[in-house]
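Report on the structure given below.
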Amino acid sequence: MIRFFNTLSGTIEEFKPIKEGEVRLYTCGPTVYDYPHIGNYRAYIFEDLLKRFLLFYGFKVIHVMNITDVDDKTIRGANSLGISLNEYTKKYIEAFFEDIKTLRLLPADYYPRATEHIPDMVRMIKGLLEKGFAYIKDGSVYFSIAKFPAYGRLAKINVEELKAGARVEADEYEKESVHDFALWKKAKEGEPFWETELGAGRPGWHIECSAMSTRYLGPTFDIHCGGIDNIFPHHENEIAQSEAYYGQKFVNYWLHCHHLIVDGEKMSKSKGNFYTLRDLLTRNLDPIDIRYFLLSTHYRKMLNFTFEGLEQSKASRQRILDFVYELEHRKFSPGSDQEVEPLVQKAMADFKNSLADDLNISAALAALFELIREINLRLAKDSLKQDDARKVLEAVYQMDRVLAILPEKEEETLPPEILRKIELRQKARKEKNFALADAIRQELRQLGIILEDTKEGVRWKRIK
RNA sequence: GGCGCGGUACCCAAGCGGCUAAGGGAGAGGUCUGCAAAACCUCGAUUCGUCGGUUCGAGUCCGACCCGCGCCUCCA
């Protein structure tokens, strides 16, 4: 049984998809006005974990992630450079796709762009006008939250109380109520606009997600994800628009991931603690270590980003990598041992059940590490048999379908002159000419190659 | 003011009513080794922010308090 914490109910619920064996998933994607920062990627990695787990569990997943390529920030960016909106966003869209590949995020089935779905949004807005949920004011269209009694249910916000703490909104558009939100914004001087049945203008932010999610997934779908900060007002507004328009439930399960903070503080440009993936990669960090770091803390817990934490993640992941390396490179005597199979099965079951429990990644990783310790114990005694080694390795690869943290299979080969030096050193060692052996090791170290002598022979690796 | 999150060993982090409080990092000790490195193994909290309460039994439930943080405005 799979259980998720549903923001809508505020409790952990059993997960039941609408259609047996299939999950329809919508995740809020990037607004392409700048390079995403690692906080954004924390959310995307959480969503990737969710998706990979659902696939691992045997579901078919239909995944849609939107790309917001028209909003205040993209318009401002394009205008400041004096280029078109498309030219401006193109660069960041490309960067986004590069980054998600770097972090091994499984691609979504659809990446709808707001600018390519204007007609869908217009149709929806017209419907909302006809049904009386929306009104026109000065050429713009607003959603009237007073018409939608369930407003505030997701965020657990009482509309009346909202006003008490609300700061003065300096919106130049006139609305009936401060909390009504724009569905359609009338064209303004110097801003891109679309000529539609609603007049010249551009969509408000929230409508795109309602229009595009239901377009690809149907009026009611299974899971909608995003960052905790999207709960209000974005997701609340999506519910209002969608349910008002379709007259049925919009989303069954809302999953939100908590924020990433830096050194105990919220990331912000003014504090200078704002990291993009690219920033981190220039520091010679392995992107998969970053993936592991972002992955290994439960999604509903605030994650504090520090370089020390990243180091710990790296070391932690290295333990898994070393283990896999041993299993792949050692020679085992044929046969199997009665004890090993149950260990593997228990680890697999614990791993799966932990993730099924609202994606308890800590417990899932613990299951993996316990298996590693048990098997390492046998490796140390040289008692692991071939069939068991294979079973363990297979289990770890299975788990990696969810984690995606193991290295790529390809094995790097060294240039022949270096290989010759390594051989020369081996010979020197055999002849107990340790001075020469150490000199060669030192020489290769200068070239960034570390030699380690093991029982199985010499092993090399690059300095990172 | 309203809503919400967290405080478990040096660090990260599970556990949320009942065996000896997971797991990882760091550290210490050991195994291996010509040396080195790497790896592996072992060890590690009579105790879960504080004080009360409920209970046969509480990090785990209730109350108060003390810290740290987020949201209520575009934001993953």
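These figures come from a predicted structure and were not determined experimentally. Proteins come first, then strands; the chains are lettered A, B, ... in the order of their sequence lines, and each starts at number 1.
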Quiz item: Looking at residues at least two apart in the chain, or sitting in another chain, which of them share a ring pair (Phe, Tyr, Trp, His ring centres under 6.0 Å) with Phe181(A)?
Solution: Phe143(A), His206(A)

Quiz prompt | Asp222(A): partners by salt bridge (charged side-chain N to carboxylate O under 4.0 Å, His left out), with sequence neighbours left out | solution = none

Practice problem: Under the ring pair (Phe, Tyr, Trp, His ring centres under 6.0 Å) rule, collect the residues that match up with Phe5(A), sequence neighbours excluded. | Solution: none

Practice problem: Identify, with sequence neighbours excluded, every residue that meets side chain to side chain donor-acceptor pair (under 3.5 Å) alongside Gln426(A). | Solution: none

Exercise. Apply ring pair (Phe, Tyr, Trp, His ring centres under 6.0 Å) to Phe369(A) and list each qualifying residue two or more places apart in sequence or on a separate chain.
Key: none

Practice problem: Could you run through nucleotides 24-36 of chain B and give me one letter per nucleotide, 5' to 3': B if any protein heavy atom sits under 4.0 Å from the base, S if only the sugar-phosphate is that close, - if neither? | Solution: BS--------BBB

Quiz item: For C43(B), which nucleotide is its Watson-Crick or G-U wobble mate, given both distances must be under 3.5 Å?
Solution: G27(B)

Quiz item: Taking only residues two or more places apart in sequence or in another chain, which ones pass ring pair (Phe, Tyr, Trp, His ring centres under 6.0 Å) with Tyr41(A)?
Solution: Tyr44(A)

Quiz prompt | Pi-cation contact, Tyr325(A) with Arg459(A) (under 6.0 Å, within 45°) | solution = yes

Practice problem: State plainly whether the residues Asp357(A) and Lys352(A) are in salt-bridge range, i.e. N to O under 4.0 Å. | Solution: no

Quiz item: Which residues pass the salt bridge (charged side-chain N to carboxylate O under 4.0 Å, His left out) test with Lys346(A), sequence neighbours left out?
Solution: Asp350(A)

Quiz item: Partners of Asp388(A) by side chain to side chain donor-acceptor pair (under 3.5 Å), sequence neighbours excluded?
Solution: none

Exercise. Tell me which residues in residues 62-76 of chain A put a heavy atom below 4.0 Å from RNA chain B, sorted by number, or none.
Key: Lys73(A)

For nucleotides 13-15 of chain B, which of its nitrogen or oxygen atoms have a protein nitrogen or oxygen under 3.5 Å away, and what is each distance?
from	atom 1	to	atom 2	distance (Å)
A13(B)	O2'	Ser362(A)	OG	3.1
A14(B)	OP2	Lys301(A)	NZ	3.2
A14(B)	O5'	Ser362(A)	OG	3.3
A14(B)	O3'	Asn360(A)	ND2	3.2
G15(B)	OP1	Asn360(A)	ND2	3.1

Quiz item: When the P atoms of C19(B) and C48(B) are considered, how many whole Å apart are they?
Solution: 16 Å

Self-check item: Separation of the P atoms in U42(B) and G23(B), to the nearest angstrom
Solution: 10 Å

Self-check item: Residue mapping more 5' on RNA chain B - nearest nucleotide basis, Asn376(A) or Ala43(A)
Solution: Asn376(A)

Exercise. Output the residues of residues 98-114 of chain A in contact with RNA chain B, where contact means a heavy atom of the residue under 4.0 Å from an atom of the strand; sort by number or write none.
Key: none

Exercise. Name the nucleic acid region contacted by Leu260(A), choosing base, sugar-phosphate or nothing; use a 4.0 angstrom heavy-atom cut-off, strictly under.
Key: base

